[in-house]
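Only this structure's heavy atoms are used, side chains among them; waters, hydrogens and symmetry mates stay out. Predicted, not measured: the structure shown is a model, and the values here were computed from it.
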Amino acid sequence: METLDEAEQSMTAYKKANISIPTEIIEDIFSRLPVKSILRFRSLSKPWLSRLSSPSFIKLRPHRTALFISAYDQSTRKRHFLYASHDGGPVTHVMTLDDVDSDDTTEAQHLNGLVCFACVKLRSGYYDAQVFVVNPSTHKVFKLPQLDSDFSKYPLQKGCYLFGFDESKNEHKILIIRKSSHIMEIMIYSMLNNLWRKIYLEPPVGFEYWDSLAFENDYDFYNNACVNSVVHLMLIDTHDILGFDLRTEKFTIINTPQGVKPHEFDDYVNVPFMIKVKGCIGVVCYDLVLENNEIHIWTLQDYENRVWVKETITFPKSWVELGEPLPRESVNMDEVIFFVFKFSRNIEKSVSIYNKKSICFKDLQFTLGHQIPSSTTVEVNQIGYYVESMVPL
């Protein structure tokens with residue numbers, strides 16, 4: 001990779017030679033570079049900054065994936081957010097939250113290059129939330145404005161923090177859903193106009209109890225996915241799916257196949273959960289994994305006609321011996337990332353990737369290195385793929 005001085009010399013030579021290259025070709029060449037390189041070339045001149053920051057160029061870039069990692073250090077009470085290459089290797093620091101407990105931050109959610117999470121603390125009987133949106137590729141962090149006092153000072157209800165994308169407006173939105181008597185109180189933040197607004201909704205037909213939403217039962221993650229401009233939440237009693245359409249701002253119910261229902265229901269063990277499978281909703285069922293050493297993923301491949309397809313993944317050896325891995329999401333049509341972590345003294349981690357074509361697993365290694373002090377108190381809580389993007393914040 002050439003240095004900035006070398007790049008400037010190349011640009012000077014290019015101008016002196018009076019070579020005329022169509023803008024479309026130049027943009028196509030630059031669109032193939034990593035985000036880090038493009039950010040460096042932006043500093044060459046104002047025209048290059050303008051060209052490489054234009055919406056048309058940002059949309060032109062191919063979708064490359066990278067790892068987004070969340071790690072917590074119990075000794076320092078710090079939450080670290082990092083990212084690494086799609087192929088693993090050393091990580092890069094994005095941001096750190098100080099003076100937080102391990103369960104203060106919600107699970108990070110990613111959509112179209114941006115990552116969203118909230119830091120929610122209980123203060124004097126009230127939940128105080130601060131929501132962040134991050135672009136790991138550009139290292140930009142946006143801290144959302146505080147909620148109005150009426151909503152933020154709601155006693156003893158943590159609420160559900162969701163990240164959505166409205167394809168009709170090309171707009172990211174943040175939702176906070178909270179139960180208010182028999183209706184749902186929803187705060188919606190628009191990343192286009194940078195404003196919070198509140199709406200109230202009645203439950204849809206076929207939905208009986210707000211308590212059936214996973215976030216009302218302090219689950220470790222919200223069991224949600226945004227697909228087709230609809231934010232989906234899984235219900236823990238019927239195992240059907242509650243959808244909130246960002247375009248119409250209405251609720252709907254999506255029924256899951258009978259095969260999704262667990263053979264023996266337990267409040268916290270072997271409960272089916274939702275993931276995103278290459279732009280589709282997927283439901284993971286693992287209630288018989290100890291007996292059969294396999295899990296099933298039901299994918300809603302035809303959203304309009306509600307057509308579900310079942311796929312079985314068999315583990316190469318005992319699921320328990322492998323560390324009880326469970327699928328996190330599908331990177332593309334061929335690979336599924338599983339969340340299970342192996343610790344070593346040099347804080348090197350690995351994550352399992354399942355290839356559906358070869359029907360086998362591989363371990364992807366990444367190293368925290370100097371980014372986080374080597375400590376036995378550091379724990380990686382979450383790892384997933386996001387799409388590299390230059391979307392501004």
Shortest non-hydrogen pair, Gly89 vs Ala84, comes out as O-CB, 4.4 Å

Is the shortest side-chain N to carboxylate O distance from Lys250 to Asp245 below 4.0 Å? no

task = Find out if a path of hydrophobic residues (ILVMFWY) with successive side-chain heavy-atom gaps under 4.5 Å connects Ile38 to Tyr83.
result = no

Is there a path of hydrophobic side-chain contacts, each under 4.5 Å between heavy atoms of I/L/V/M/F/W/Y residues, joining Val260 to Val309? no

*Output yes when a side-chain donor or acceptor of Asn355 lies under 3.5 Å from a complementary backbone atom of Cys360, and no otherwise.*
no

side-chain hydrogen bond (donor to acceptor under 3.5 Å, both in side chains) filter on Tyr72, not counting sequence neighbours, yields none

Between Arg79 and the options Asp104, Asp98, Asn381, the side-chain hydrogen bond (donor to acceptor under 3.5 Å, both in side chains) test singles out Asn381

CZ (Phe81) and CZ (Phe68) are apart, to the nearest 0.5 Å, by 5.5 Å

Glu249 meets the side-chain hydrogen bond (donor to acceptor under 3.5 Å, both in side chains) criterion, sequence neighbours left out, with Arg197

Criterion side chain to side chain contact (heavy atoms under 4.5 Å, CB included) on Tyr161 and Ile177, from CA distance to verdict: CA-CA 7 Å; Tyr161 297 78; Ile177 302 178; over 6 Å; no

Heavy-atom donor-acceptor pair, Gln130 side chain to Leu144 backbone, under 3.5 Å: yes

- Task: Look at the side-chain heavy atoms of Ile, Leu, Val, Met, Phe, Trp and Tyr, link any pair under 4.5 Å apart, and say whether Leu288 and Val283 land in one connected group.
- Result: no

Residue set satisfying salt bridge (Lys or Arg N to Asp or Glu O under 4.0 Å) with Lys140, at least two apart, ordered chain then number -> none

Any chance you could lay out the side chain to side chain contact (heavy atoms under 4.5 Å, CB included) test for Leu67 and His86, step after step, and finish with the verdict?
-> CA-CA 6 Å; Leu67 294 169; His86 171 92; over 6 Å; no

Sorted by chain and residue number, the side chain to side chain contact (heavy atoms under 4.5 Å, CB included) partners of Leu326 (sequence neighbours excluded) come out as Phe273, Tyr286, Trp319, Phe339

- Same cluster or not: are Ile174 and Phe165 linked, directly or through other Ile, Leu, Val, Met, Phe, Trp or Tyr residues, by side-chain heavy atoms under 4.5 angstrom apart? yes

Would a single hydrophobic cluster contain both Ile297 and Phe338, if residues Ile, Leu, Val, Met, Phe, Trp and Tyr are joined by side-chain heavy-atom contacts under 4.5 Å? yes

Sorted by chain and residue number, the side-chain hydrogen bond (donor to acceptor under 3.5 Å, both in side chains) partners of Asn170 (sequence neighbours excluded) come out as none

- Hey, is Asp240 close enough to Lys261 for a salt bridge, meaning N to O under 4.0 Å? yes

Notebook entry, point to check: Are the side chain of His232 and the backbone N or O of Ala225 linked by a donor-acceptor pair below 3.5 Å?
Noted result: yes

Note: Thr299 and Cys280 closest approach over all heavy atoms is CG2-CB, 3.7 Å

- Query: Can you check ring pair (Phe, Tyr, Trp, His ring centres under 6.0 Å) on Phe163 and His172, steps first, answer last?
  - Reply: CA-CA 7 Å; Phe163 197 32; His172 287 86; 5.4 Å; yes

- Could you give me the CA-CA distance, side-chain angles and deciding distance for Ile254 and Trp308, then say whether side chain to side chain contact (heavy atoms under 4.5 Å, CB included) is met? CA-CA 11 Å; Ile254 298 175; Trp308 293 85; 4.1 Å; yes

Interatomic distance, OG@Ser70 vs CD@Glu107, rounded to 0.5 Å, equals 9.0 Å

Atom CD of Gln258: over 12 foreign heavy atoms under 6.0 Å: no

dist Phe361:CZ -> Ser352:OG (nearest 0.5 Å) comes out at 6.5 Å

CG (Leu242) and CG (Leu233) are apart, to the nearest 0.5 Å, by 6.0 Å

Minimal heavy-atom distance between Val378 and Ala71, with the atoms involved, is CG1-CB, 4.3 Å

Rounded to the nearest 0.5 angstrom, the CZ-CD distance for Phe117 and Gln109 is 11.5 Å

Looking only at heavy atoms, the pair that brings Thr138 and Met390 closest together is CG2-CA, 4.2 Å

Is it the case that the side chain of Asn224 and the backbone of Met234 share a donor-acceptor pair, with hydrogens and angles ignored and the cut-off at 3.5 Å? no

Next on the checklist: Check this for me: does any side-chain nitrogen of one of Asp101 and Arg77 sit under 4.0 Å from a carboxylate oxygen of the other?
Outcome noted: yes

* To do: Please answer whether the main-chain N or O of Val336 pairs with a side-chain N or O of Glu329 as donor and acceptor at a distance below 3.5 Å.
  => no

Within the distance-only criterion (no hydrogens, no angle test), does the side chain of Lys143 pair as donor or acceptor with the backbone N or O of Val131 below 3.5 angstrom? no

For Thr252, the side-chain hydrogen bond (donor to acceptor under 3.5 Å, both in side chains) test, sequence neighbours excluded, returns none

When Lys362, Arg328, Lys357 are each screened for salt bridge (charged side-chain N to carboxylate O under 4.0 Å, His left out) with Glu335, the one that passes is Lys362

| query | Under 3.5 Å, is there a donor-acceptor pair between the side chain of Thr105 and the main chain of Cys119? | reply | no

Open item on the list: Looking at Gln382 and Ala108, would you say the former's side chain and the latter's main chain have a donor-acceptor pair under 3.5 Å?
Closed with: yes

Between His239 and Pro272, the two heavy atoms sitting closest are ND1-CG, 3.5 Å

Within the side chain of Asn292, is there an N or O that forms a donor-acceptor pair under 3.5 Å with the backbone of Glu294? no

Would Lys173 and Asp166 count as a salt bridge (Lys or Arg N to Asp or Glu O under 4.0 Å) if you check the C-alpha gap in whole Å, the side-chain angles of each, and the deciding distance to 0.1 Å?
CA-CA 7 Å; Lys173 294 180 179 180; Asp166 185 344; 3.4 Å; yes

When rounded to the nearest 0.5 Å, the distance separating CD1 of Ile176 from CG of Leu162 is 9.0 Å

Is the ring pair Tyr189/Phe142 parallel, tilted or perpendicular, if the boundaries are 30 and 60 degrees? tilted

For Leu393 and Val133, the nearest pair of non-hydrogen atoms, with its separation, is CD1-O, 3.5 Å

